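Here is the structure we will look at.
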Amino acid sequence: ANIDFGGIFCVYAIYGCTDSSAINYDESATDDDGSCIAVVEGCTDSEAFNYDELANTDDGSCVPVVLGCIDSAAFNYDELANTDDGSCVPVVLGCTDPTAYNYNSDANTDDPNSPCVAVVFGCTDPSAFNYNPEANTDNNSCIEIIYGCTDPQAYSGYNPEANTDDGSC
C-alpha cells in the first residue's frame, strides 16, 4: 500500500494469500504470508454417503445415504443400498414349498441340490402286508401280516383272515 506523507510516499507490505488459485486468495495482498489454502474439491455435505472431510469446495458429487442390506450373499441384498442398516438375512437353503414332504420352515431359498419332494401317502412300515416303498408319509393304512392258507379252493386249512400264504394249504 502507498501512503502519502507530505509528498513522501511509503510503500508497505499487505500480507495475505497471493496465489490466485487458492481458496483464500486476497487480491489486495502484496506479500504472501504462507496462509494460502489449496482448493480441494469433493463432497462437503457431512450427511452424504461420500462426505470428504478434506474437501473445502463442493464439486456436486454428493451421494445420499441409502440404508439397506449391502451383503451381496444375503437373502435380502439391496443393490441400491450404500449403507448397511443391519437388516441382512442369511440365505438358508432348503425346500420352501409347505406342501412338500421335505419342507423346511427355516429355509428362504430353494436348494437346487435338494429339490422339494412331493408327499406320497401310504403304508411306510416295511413289515406290513401293504407296505408301499414309494410312500414317504404314513397314512395309518398299514395292515398286519396274517399268515395262513389263502386259497379258498383248498381242501383244508383255508383261513379267510389270512393275507399272506404260509404254504399250509
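In this text the structure is predicted, and so the values were computed from the model without any measurement.
Between Ile145 atom CD1 and Asn130 atom CG the span is 9.0 Å, to the nearest 0.5 Å. Once rounded to the nearest 0.5 Å, the distance linking OG1 of Thr30 with OH of Tyr15 reads 7.5 Å. Between atom CG of residue Leu93 and atom OG of residue Ser114 there is a gap of 9.5 Å, rounded to the nearest 0.5 Å. Here Asp52 contributes atom CG and Thr57 contributes atom OG1; the two are 11.0 Å apart, rounded to the nearest 0.5 Å. Atoms CG and CG, on Asn82 and Leu67 in that order, are 8.0 Å from each other to the nearest 0.5 Å. To the nearest 0.5 Å, atoms OH (Tyr101) and SG (Cys95) are separated by 12.0 Å.
Nearest heavy-atom pair across Cys169 and Ala154 is CB-CB, 3.9 Å. Between Gly148 and Ser168 the shortest heavy-atom distance is C-OG, 4.0 Å. Considering all non-hydrogen atoms of both residues, Ala48 and Cys43 come closest at CB-SG, 3.5 Å.
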Asp110 and Cys116: CA distance, side-chain angles, deciding distance, side-chain contact (heavy atoms from CB on, under 4.5 Å) verdict: CA-CA 8 Å; Asp110 281 320; Cys116 295; 3.9 Å; yes
Is there a side-chain contact (heavy atoms from CB on, under 4.5 Å) between Thr124 and Thr137? Walk through the geometry before answering. CA-CA 7 Å; Thr124 59; Thr137 304; 5.9 Å; no
For Val91 and Asn108: C-alpha separation, side-chain torsions, deciding distance, then whether side-chain contact (heavy atoms from CB on, under 4.5 Å) applies. CA-CA 6 Å; Val91 170; Asn108 57 28; 4.2 Å; yes
Could you check Asn24 against Ser35 for side-chain contact (heavy atoms from CB on, under 4.5 Å), going step by step and ending with a plain yes or no? CA-CA 8 Å; Asn24 62 332; Ser35 67; 3.9 Å; yes
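Put simply, the side chain of Asn139 never gets that close to the backbone of Phe121: no donor and acceptor are under 3.5 Å apart. Side-chain atoms of Asn50 come within 3.5 Å of backbone atoms of Ser61 as a donor-acceptor pair (strictly under, hydrogens ignored).
Applying the side chain to side chain contact (heavy atoms under 4.5 Å, CB included) test between Thr150 and each of Asn159, Asp166, Asp165 identifies Asp165 as the sole match.
By the rule that hydrophobic residues join a cluster once side-chain heavy atoms approach within less than 4.5 Å of another member, Ile37 and Val39 end up as members of one cluster. Ile146 and Tyr158 fall into different hydrophobic clusters, defined by Ile, Leu, Val, Met, Phe, Trp and Tyr side-chain heavy atoms under 4.5 Å apart, directly or through other members.
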